[in-house]
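This report concerns only the one structure given below.
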Amino acid sequence: MSISFKELHDWTVDTETAIALQHQLAPNIIREGEPEDIEHIAGVDIGFEDEGATTRAVIVLMHWPSLEVVEQVIHREATRMAYVPGLLSFRELPAALNALQRLEGTPQLVMVDGMGIAHPRRLGIAAHLGLWLELPTIGVGKSRLCGRHEPVGEEKGARTPLVDRGETIGTVLRTRERVKPLYISTGHRISEESAVKWVMHCLTRYKLPEPTRQADRLASRRTRALREGR
DNA sequence: GCGACAG
DNA sequence: ATCTTGTCGC
């Protein structure tokens, strides 16, 4: 897919600049909407190799509603920044964008590992990516960054709101029985309700929705093959 | 000042 | 995130 990459080549910034940028960008996030004419959904997964020196971005493009993988991209590049809670997007987005640029197809919805607006400054990696792509995005987190919530029901589909400073910023969702719940939050151009609905739509027999699960699976499979092959 | 802290 | 084998349980 074609994207505008103006600042991408020197995106490394210091902590204060990153935080200022988040404060500046967050107000532009659109927390409502119902993505339409969905034909393809993309899953984004970021991993690290060489003790963190290399960043690996995996993109999986999947057809809806068959959930069949139609395209995949694995991109590697030098890691730019260290991990700092709250500044994840500055560390992982460059690689994700370069990987997306290599994607031939274009998704109408994107799912990302991590938070959408369920972030201290309401600009988690999924929200930041959505703003950049101007596409609907959903944050699919495996653990909590901020906010509090009541215990979640045990049955699949059980949910409870994630609240921070009096504001509902996401949904804690049980995607499978006897497994830790996921933290779903709006990224951009989609309502919380719709975000949860799409995650549910993409669930099969696993904890993660297919887009991110397939991206994860592809990442570990290739990494393993590479290791065993040398 | 003391914890908490996506991936 | 990543390092790592087997093992207990639905």
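Throughout, a chain's letter reflects where its sequence line sits, starting with A, and its residues are numbered from 1. Heavy-atom basis, side chains included; hydrogens, waters and symmetry copies ignored. Keep in mind the model is a prediction, meaning the values are calculated, not measured.
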Any Lys/Arg nitrogen of A/D164 or A/R122 sitting under 4.0 Å from an Asp/Glu carboxylate oxygen of the other?
yes

Test your reading of the model: is there a side-chain donor-acceptor pair from A/R174 to the backbone of A/V152, 3.5 Å cut-off?
yes

Minimum heavy-atom separation for A/V199 and A/P209, please, with both atom names.
O-CB, 4.0 Å

Just jot down the side chain to side chain contact (heavy atoms under 4.5 Å, CB included) partners of A/P107, sequence neighbours excluded, or say none.
A/M1, A/A42, A/L61, A/L103, A/V110, A/L135

Donor-acceptor pair, side chain of A/T212 and main chain of A/D113, under 3.5 angstrom
no

Within residues 182-210 of chain A: residues closer than 4.0 Å to DNA chain B (heavy atoms)
none

What are the two closest non-hydrogen atoms of A/L173 and A/G157, and how far apart are they?
CD1-O, 3.9 Å

Only Watson-Crick and G-U wobble pairs with both distances less than 3.5 Å should count. Give DNA chain B in dot-bracket notation, marking inter-strand partners with |.
.......

Those residues at least two apart in sequence (or on a different chain) that pass side chain to side chain contact (heavy atoms under 4.5 Å, CB included) with A/I30 are A/E32, A/H188, A/R189

Strictly by side-chain hydrogen bond (donor to acceptor under 3.5 Å, both in side chains), give each pair with a member in residues 151-161 of chain A just once, sequence neighbours left out.
A/R159-A/E193

Extract from the structure each pairing of a protein N or O with an N or O of nucleotides 6-10 of chain C at less than 3.5 Å, listing the distance.
residue, atom, partner, partner atom, Å
C/dC10, O3', A/R178, NH2, 3.0

Kindly compute the distance separating CG (A/N98) from CG (A/L93), expressed to the nearest 0.5 Å.
11.0 Å

Testing the basics here: between A/V69 and A/Q72, what is the closest heavy-atom pair and its distance to 0.1 Å?
CG1-OE1, 4.1 Å

Summarise protein proximity over nucleotides 2-7 of chain B in one line of letters, 5' to 3': B for base, S for sugar-phosphate only, - for none, counting protein heavy atoms closer than 4.0 Å.
--SBBB

Apply side-chain contact (heavy atoms from CB on, under 4.5 Å) to the pair A/I125 and A/V44, showing each step before the final yes or no.
CA-CA 11 Å; A/I125 187 168; A/V44 179; over 6 Å; no

I'd like to check the side-chain hydrogen bond (donor to acceptor under 3.5 Å, both in side chains) partners of A/H63; sequence neighbours left out, ordered by chain and number.
A/S66

Toss me the dot-bracket line for DNA chain C: Watson-Crick and G-U wobble, both under 3.5 Å, 5' to 3', using | for pairs to another strand and [ ] for crossers.
..........

Residue list, salt bridge (Lys or Arg N to Asp or Glu O under 4.0 Å) with A/R91, at least two apart or on another chain:
none

What pairs of residues pass the side-chain hydrogen bond (donor to acceptor under 3.5 Å, both in side chains) test when at least one of them lies in residues 33-44 of chain A, not counting sequence neighbours?
A/E34-A/S194, A/E34-A/K197

Test of understanding: with side chain to side chain contact (heavy atoms under 4.5 Å, CB included), list the residues that count as partners of A/A215, not counting sequence neighbours.
A/D45, A/V58, A/V60

